[in-house]
Amino acid sequence: MPSTELFLAGTEDHDLRRLSEYREVGGYAALEKARAMEPQAVMGEITGATLRGRGGAGFPMGRKASLLAKNTGKPTYLVVNADESEPGAFKDRDVMGLTPHRLLEGCLITAHGIESTDVFIYIRGEYLHEYDVLVAALEEARTAALLGDVTIVIHRGAGAYICGEETGLLESLEGSRGQPRPRPPFPPVDGLYGAPTQINNVSTIALVPKILELGAGEFAKIGVPSAPGTAVFSLSGNVARPGNYERPLGTTLRELIYDLGGGVADGRELKAIIPGGSSVPVLTPDEIDTPMDYDSIQAAGSFFGSAAIMVIDDRVCMVQLALRAAQFYMHESCGKCTPCRVGTRWLVQLLTKIEVGEAERRDLDLLDDVCDKMLGKSLCALGDFAVYPVSSYLRKYRSEFEAHLGGAGCPLAGISPIEGIFAPVSQHAGHAEVAHVV
Amino acid sequence: MSTPFYNRVQKLRKQYPQSRSAVLPALRLAQEEHGGWLPSEALREVADALDETPAYVVSIASFYDMLNLEPVGRHLVEVCTNLSCALAGAQSVLDGFAGELGVRPGGTTEDGVVTLRAIECAGGCGHAPVVIVDGAYREPVQAKDVSAIVEELRAFD
């Protein structure tokens, strides 16, 4: 029976930031194994393991690699998305901070598999500690001659959620504003510097060594057949024991929130579950037995996202929660396409009007209408991400929205713990003015 | 032209197939050398070192939250106020700092020692509320911890 710890295996009794200790738990043996194999055979293992992207979309890594353009006369790049910024998500931070060599080994195996010698790891600027850990690990790996002919550059972002969107990330890495590109062409054909590019999340790449170690067949026995393996689930919000917990895919929200997280904090009632980071549709307490894997959670009407589970208790006003989420997406909208740039501001404006009691029933219809005009009509998924919380809270907690109308104001005034929460405005003159217009 | 800053940026350029990729590391370096923000002189230095125009460099600097186009205090206190931190009491932490420092979020104390900011999700949701002091995560920070942090900053100034 294979261990169910894949990402964090060995961290309990070893300091895996050190190469010597990583080697004690079998580190870099998978790289040696992979380098003795043909590149196609390495990718065959990854494809056979049905490794699905842990960044949010769940796209199979092997299939993504099969789309890489061949014989272009250009280099093939591997880019690791370490720009973890989804509210609620902090899994990649532990994967990098606790097991940096597992990520580096995954990079080197994948580079061999796709026949690339150039790897870029794009890490969010705020993760300074994890950056330092990664740089030290890379230096150790280089000194130990593990890199072969591969160059790994660790590139720091500078504070922009949109750079976690893969084409926004590529633009930022190329030295432009991190504004997403229209697609097609897709990155496997026309990615970094116009060359074929494989982009994967930290947690996807960090699973690659275990696939080589266990073999695709053994790996596929963990989790569920449609999505084998484990995920690092990030529990936060009104939960008794928040933190990261690695479990096989298919673990139910009840097991995660109650058995691991100790249930709702302070013995309060569960009101809502946000299962995959602030951008996904909300689930209600009666949906708590939903298994956390891509297909099950989608069948329940939400998304696996970044496996970031936020627990919301009965004191929290859903209008305030929607407003704070909308403020975030407004702040992070890159401004390139109109539905997102204008729509996110409308959402904030309407939700503010509702929260303060100045809205009428027709404003709820208008809110629905704005959501409809953004959903699927923006250049990238940020426009959708701004809509999902608002439209799902409105649909599932409509009576609470209605209770605010016609001068009534917030029914949870003085009770909701997030009342009056101050959302940041941009530091830059000009942006701040735009925020005031709202 | 061959200043130490220029030479360091040339090294950064060599890491990348195209030199524009070095704009973020170059801006970060310039910010560190100019007291935590980017006066127009710093933006011009970056432009010169990358063979780009100052307008291009400003267009980049204005896009990213961690690059400052206005002066900041010698210390930077950033309080995350996104959902998980908000649920854990971030507002009272932010109010605590504002009261203790006598500034509104976004402002700098009159003596130029501390800039206070509310920020978006910092990725510490499991240890909320998160406060970042001069780039280092403090988590969790409750309202009762605020005065000790402010004292520490004033003592080390």
Side-chain angles (χ1 to χ4, degrees), chain A residues 75 84-90 92-93 118 124-129 153 155-161 172-178 193 234-238 242-244 274 278 308 310 312 316 321 324-325 328 331-332 334 417-432, chain B residues 15-28 31 50 52 56 59-70 72 78-92 94-95 98 104-106 115 117-128 132 135-137 140:
Chain A
E84 178 169 73
S85 316
E86 178 67 19
F90 50 100
D92 298 340
R93 189 176 160 201
D118 298 281
R124 71 175 294 184
E126 291 85 350
Y127 282 179
L128 183 55
H129 170 73
V153 174
H155 184 90
R156 290 181 66 200
Y161 170 81
S172 179
L173 185 50
E174 289 181 5
S176 298
R177 294 161 73 90
Y193 309 119
S234 303
L235 278 183
S236 72
N238 303 126
N244 278 331
I274 302 169
S278 70
M310 291 181 183
I312 310 299
V316 180
L321 204 65
R324 185 62 188 85
F328 171 71
H331 182 260
E332 301 300 336
C334 81
I418 60 168
E419 192 167 63
I421 190 73
F422 186 99
V425 288
S426 173
Q427 322 303 343
H428 305 130
H431 291 211
Chain B
Q15 285 194 290
Y16 302 96
Q18 294 180 13
S19 75
R20 269 196 175 191
S21 288
V23 69
L24 285 186
L27 280 166
R28 187 175 294 112
Q31 183 163 285
L50 290 174
E52 298 286 349
Y56 158 73
S59 80
I60 301 305
S62 62
F63 189 79
Y64 296 93
D65 286 350
M66 293 175 75
L67 298 171
N68 303 313
L69 293 174
E70 285 162 21
V72 293
E78 299 174 294
V79 181
C80 173
T81 63
N82 209 295
L83 300 184
S84 297
C85 285
L87 291 165
Q91 187 62 47
S92 62
L94 187 64
D95 290 345
R104 274 186 54 75
T115 294
R117 270 186 197 155
I119 57 165
E120 292 296 6
C121 184
C125 323
H127 329 272
I132 305 178
Y137 281 56

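Within every chain, numbering begins at 1; the chains are lettered A, B, ... in the order of the sequence lines, protein sequences first and strands thereafter.
Of all heavy-atom pairs spanning A/Tyr127 and B/Ala122, the tightest one is CE2-O, 3.4 Å. Heavy atoms only, all atoms of each residue included: A/Ile421 and B/Ala90 are closest at CD1-CB, 4.3 Å. Heavy-atom minimum distance, A/Ala160 versus B/Tyr64: CB-CD2, 3.9 Å. For the residue pair A/Pro424 and B/Ala118, the shortest heavy atom distance occurs at CB-O, 2.9 Å. Here the closest heavy-atom approach between residue B/Ser62 and residue A/Arg177 is recorded as OG-NH1, 3.3 Å. Residues A/Ser176 and B/Ile60 share a closest heavy-atom pair of C-CD1, 3.5 Å.
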**Item:** side-chain contact (heavy atoms from CB on, under 4.5 Å) between A/Arg324 and B/Asn82, intermediate numbers included
**Value:** CA-CA 7 Å; A/Arg324 185 62 188 85; B/Asn82 209 295; 4.3 Å; yes
- Determine, step by step, whether B/Asp65 and A/His331 satisfy the side-chain contact (heavy atoms from CB on, under 4.5 Å) criterion, reporting the C-alpha distance in whole Å, the side-chain angles of both residues, the deciding distance to 0.1 Å, and the verdict. CA-CA 10 Å; B/Asp65 286 350; A/His331 182 260; 2.9 Å; yes
- Stepwise, does the side-chain contact (heavy atoms from CB on, under 4.5 Å) test hold for B/Cys121 with A/Tyr161? CA-CA 9 Å; B/Cys121 184; A/Tyr161 170 81; over 6 Å; no
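In this structure, CG on A/Leu173 lies 10.0 Å from CD on B/Gln18, to the nearest 0.5 angstrom. Taking OG of A/Ser236 as the start and CG of B/Leu87 as the end, the distance is 7.5 Å to the nearest 0.5 Å. Rounding to the nearest 0.5 angstrom, the gap separating the CG atom in A/Asn244 from the SG atom in B/Cys125 is 9.5 Å.
Of the atoms belonging to B/Pro25, it is side-chain heavy atoms, and not backbone ones, that fall under 4.5 Å from chain A. Residue A/Ala158 touches chain B through both its backbone and its side chain, counting heavy-atom pairs closer than 4.5 Å. Interface residue A/Glu86: only backbone heavy atoms are found under 4.5 Å from chain B. Residue A/Ser234 does not touch chain B at all, counting heavy-atom pairs closer than 4.5 Å.
Among the candidates B/Ser19, B/Ala128, B/Ser59, the residue making the largest number of heavy-atom pairs closer than 4.5 Å to chain A is B/Ser59. Highest contact tally toward chain B, considering only A/Ala308, A/Gly178, A/Pro417, A/Gly237, is held by A/Gly178 [criterion: heavy-atom pairs under 4.5 Å]. Interface summary for chain B: among A/His129, A/Glu419, A/Glu332, A/His155, the most heavy-atom pairs under 4.5 angstrom belong to A/His155. Options A/Leu128, A/Ile274, A/Asn238 differ in how many heavy-atom pairs under 4.5 Å they form with chain B, and the most are formed by A/Asn238.
Annotation: salt bridge (Lys or Arg N to Asp or Glu O under 4.0 Å) contacts of A/Glu174 (sequence neighbours excluded): A/Arg181. Every salt bridge (Lys or Arg N to Asp or Glu O under 4.0 Å) that A/Glu126 has, sequence neighbours left out, goes to A/Arg124.
Counting heavy atoms from C-beta outward, B/Phe63 and A/Ser172 have side chains that stay 4.5 Å or more apart. By the 4.5 Å heavy-atom criterion applied to side chains, A/Arg156 and B/Leu24 are not counted as neighbours.
A donor-acceptor contact shorter than 3.5 Å links the side chain of B/Arg28 to the backbone of A/Gly157. With hydrogens and angles ignored, the 3.5 Å screen pairs a side-chain donor or acceptor of B/Thr81 with a backbone N or O of A/Phe422.
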